[in-house]
Amino acid sequence: MTIDNQLAALRRGAAEIISEEDLRKKLQEGRPLRIKLGVDPTIAHVTLGWAVVLRKLRDFQKFGHTACLVIGDFTAQIGDPSGKSKTRPQLTREQVQENVAAVSKQVYKILDPELTEISYNRDWLGAMSFEDVIRLASRYTVARILERDDFTKRLKEERPIAMHEILYPLCQGFDSVELRADVELGGNDQKFNNLVGRTLMSQYGQDPQVVLLMPLLVGTDGKEKMSQSLGNYISVVDTPRDMYGKTMSIPDHLLENWFVLCTDVPLEEIKELVGASQAGTLNPRDAKRRLAKEIVTLYHSAQAAEEEDNYFIETFSKRNQPVEAEEASIPEDMVSEGQVALHVLIGRLGLAKSNGDAKKLIEAGAVSLDGEKATGLMVPVADLKGKVLKVGKHQFRKLS
RNA sequence: GGGGAGAUGCCCGAGUGGCCAAUGGGAACAGACUGUAAAUCUGUCGGCGAGAGCCUUCGCAGGUUCGAAUCCUGCUCUCCCCA
């Protein structure tokens, strides 16, 4: 594959490459490049948002380059200074390794393990003496650190900035020095940190890394970036049903963004799909169905995607009872005098946050049995068995 | 070191002794409408309980009072101004 073709593939979806010329030069050297990606050890899921960057990393692997994952077990104590997170407790190496082991199963759904190298930044950051820290800190100025958006904003809003937070970008930058990274990948919000890496590398006499930034994937809520803590995410290990359903629930304006960042559909085709749905010649819903199928195919299978598409049309478009719903049996101890308290049952089945919540849902008309709205709380068991209980828009249980 | 302001429910923000589980907005959830989209309208929005009601919440710990988010004391944290 020619360098131009490689570049084109790597450029797909990228928000910014600093700089493309540098990247070209590095690619021309013909050796396996070291592509760095920082990993937050506190995460439990690989979300589609993170997958955007991982998929880009995989693109590099396809061209024979090495993925260098840096587990930020040291930096996690600080927490990226978004101002939201407080200083977090130090995790033990064991805890971190457990998390990493759990998450790497998901990561390798995307990455090639053969070309992946994992390191922990506590190994070098934790070993630094106070003197080392001072020396590192002297390489950067306060004014430049405060250029970072978060800091500027917090300063203006009179919100606190702790001393250690301003060291965060330096820590991350130093990782690049330690790893001798050729390229650092990141979400667009990592731009500042990654550029610090460039500066520090030159200061330490290294060839500065190329920074490749991917746009942030907007979450299912259509507003915030997809993240675990906001709950607006799809995990790569979500069931095909959830994955498909959540995708269908994203706002239309996300279509293009998601197609480009989450699928391998060629750009020209995406343009057509998006154009047609905007022009009204294609129902945006159908474009979204395509998107949902692509995503399910990627993480499960084409067959699963087909099945979920059918299920979706049958259950939601045609509003039929689901053909197959998860079975749930009514616990014996809940039956008294032949009656069952419906809200308690819903609570017990985990379909609502609490019994009180379940009661409110019933009052709001969000609960139905075989399509009939439930009204009372006490229901004879006989009227429940064999019926499909629906709670909210998409939770179904076949009672037995 | 000195002076001033502040900490309220998921978030923002009212509330200065009883009518406060706490106005309002946002978020969230649900209903209608739809395409599990958007917009709009409606309802819910601390927990438990069939219910009466009970329990927990207004930075933390004590105190005053029949009664405190509201008053007093101590503590913790944050911001601003001066040095």
Side-chain angles (χ1 to χ4, degrees), chain A residues 82-87 151 153-163 165 218-224 227 229-234 238-259 273-274 276-278 280-293 295-296 308-320 322 334-337 339-348 350-368 371-380 390-396:
Chain A
S82 60
K84 284 177 190 161
S85 50
K86 297 262 183 247
T87 301
F151 293 145
K153 212 185 284 171
R154 279 159 74 186
L155 225 38
K156 212 168 71 195
E157 290 170 2
E158 304 186 341
R159 277 167 32 227
I161 298 171
M163 289 295 291
E165 291 185 274
V218 178
T220 51
D221 60 356
K223 291 172 199 132
E224 308 278 351
S227 83
S229 51
L230 293 172
N232 59 353
Y233 68 97
I234 295 178
D238 271 351
T239 61
R241 176 135 321 157
D242 281 348
M243 210 176 252
Y244 189 100
K246 286 184 192 173
T247 303
M248 288 308 284
S249 77
I250 65 169
D252 289 357
H253 69 262
L254 259 41
L255 254 184
E256 181 163 11
N257 184 247
W258 276 49
F259 258 119
L273 281 164
V274 174
S277 48
Q278 277 166 355
T281 48
L282 173 70
N283 187 335
R285 181 200 58 176
D286 294 325
K288 222 184 286 177
R289 280 171 63 197
R290 169 72 190 283
L291 174 67
K293 280 194 277 185
I295 292 175
V296 174
E308 289 314 319
D309 189 51
N310 283 333
Y311 175 87
F312 175 80
I313 292 298
E314 286 303 318
T315 310
F316 297 106
S317 294
K318 299 188 183 162
R319 302 201 175 212
N320 290 334
M334 288 197 50
V335 186
S336 94
E337 295 174 27
Q339 304 258 311
V340 172
L342 191 54
H343 64 292
V344 181
L345 176 66
I346 291 170
R348 193 83 78 85
L351 300 174
K353 281 181 294 196
S354 65
N355 293 354
D357 191 48
K359 197 159 67 177
K360 284 165 199 155
L361 288 172
I362 293 170
E363 280 162 8
V367 176
S368 63
E372 300 259 340
K373 259 184 198 164
T375 46
L377 296 183
M378 299 307 292
V379 182
K390 180 185 179 193
V391 179
K393 277 183 197 137
H394 40 252
Q395 292 182 300
F396 299 94

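Numbers restart at 1 for each chain; the letters A, B, ... are given by sequence-line order, proteins then strands.
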Partner set under salt bridge (Lys or Arg N to Asp or Glu O under 4.0 Å) for Asp286(A), not counting sequence neighbours: Arg289(A)

Touch class at under 4.0 angstrom, heavy-atom based, for Lys246(A) against every strand present: nothing

Earlier contact from the 5' end, RNA chain B, for Pro284(A) and Asp221(A): Asp221(A)

Opposite nucleotide pairing with rA32(B), Watson-Crick or G-U, both atom distances under 3.5 Å: rU40(B)

Sugar-phosphate, base or nothing in reach of Gly245(A), heavy atoms under 4.0 Å: base

Value in whole Å for how far the C1' atom of rA37(B) lies from CG of Asp286(A): 12 Å

Nearest-Å distance once atom C1' is located in both rA14(B) and rG63(B): 28 Å

Over 12 non-hydrogen atoms of neighbours within 6.0 angstrom of CD in Gln395(A): yes

Along RNA chain B (nearest heavy atom to each residue), the more 5'-positioned of Ser249(A) and Ile161(A): Ser249(A)

Atom-to-atom span, CD of Glu363(A) to P of rG43(B) - whole angstrom: 14 Å

Nucleotide forming a Watson-Crick or wobble pair with rU76(B), both distances under 3.5 Å: rA7(B)

Set of side chain to side chain donor-acceptor pair (under 3.5 Å) partners for Asn257(A), sequence neighbours left out: none

Where protein sits on nucleotides 47-58 of chain B, one letter per nucleotide: B base, S sugar-phosphate only, - none, heavy atoms under 4.0 Å: SSBSS-------

rA27(B) pairs with, by Watson-Crick or G-U criteria that keep both distances under 3.5 Å: none

Identified pairing partner of rA22(B), criterion: Watson-Crick or G-U wobble below 3.5 Å: none

Sugar-phosphate only, base, or nothing, as touched by Ile250(A) at under 4.0 Å among non-hydrogen atoms: sugar-phosphate

Separation of the C1' atoms in rA50(B) and rC66(B), to the nearest angstrom: 34 Å

Gap between atoms NZ and P, on Lys223(A) and rC11(B) respectively (whole Å): 18 Å

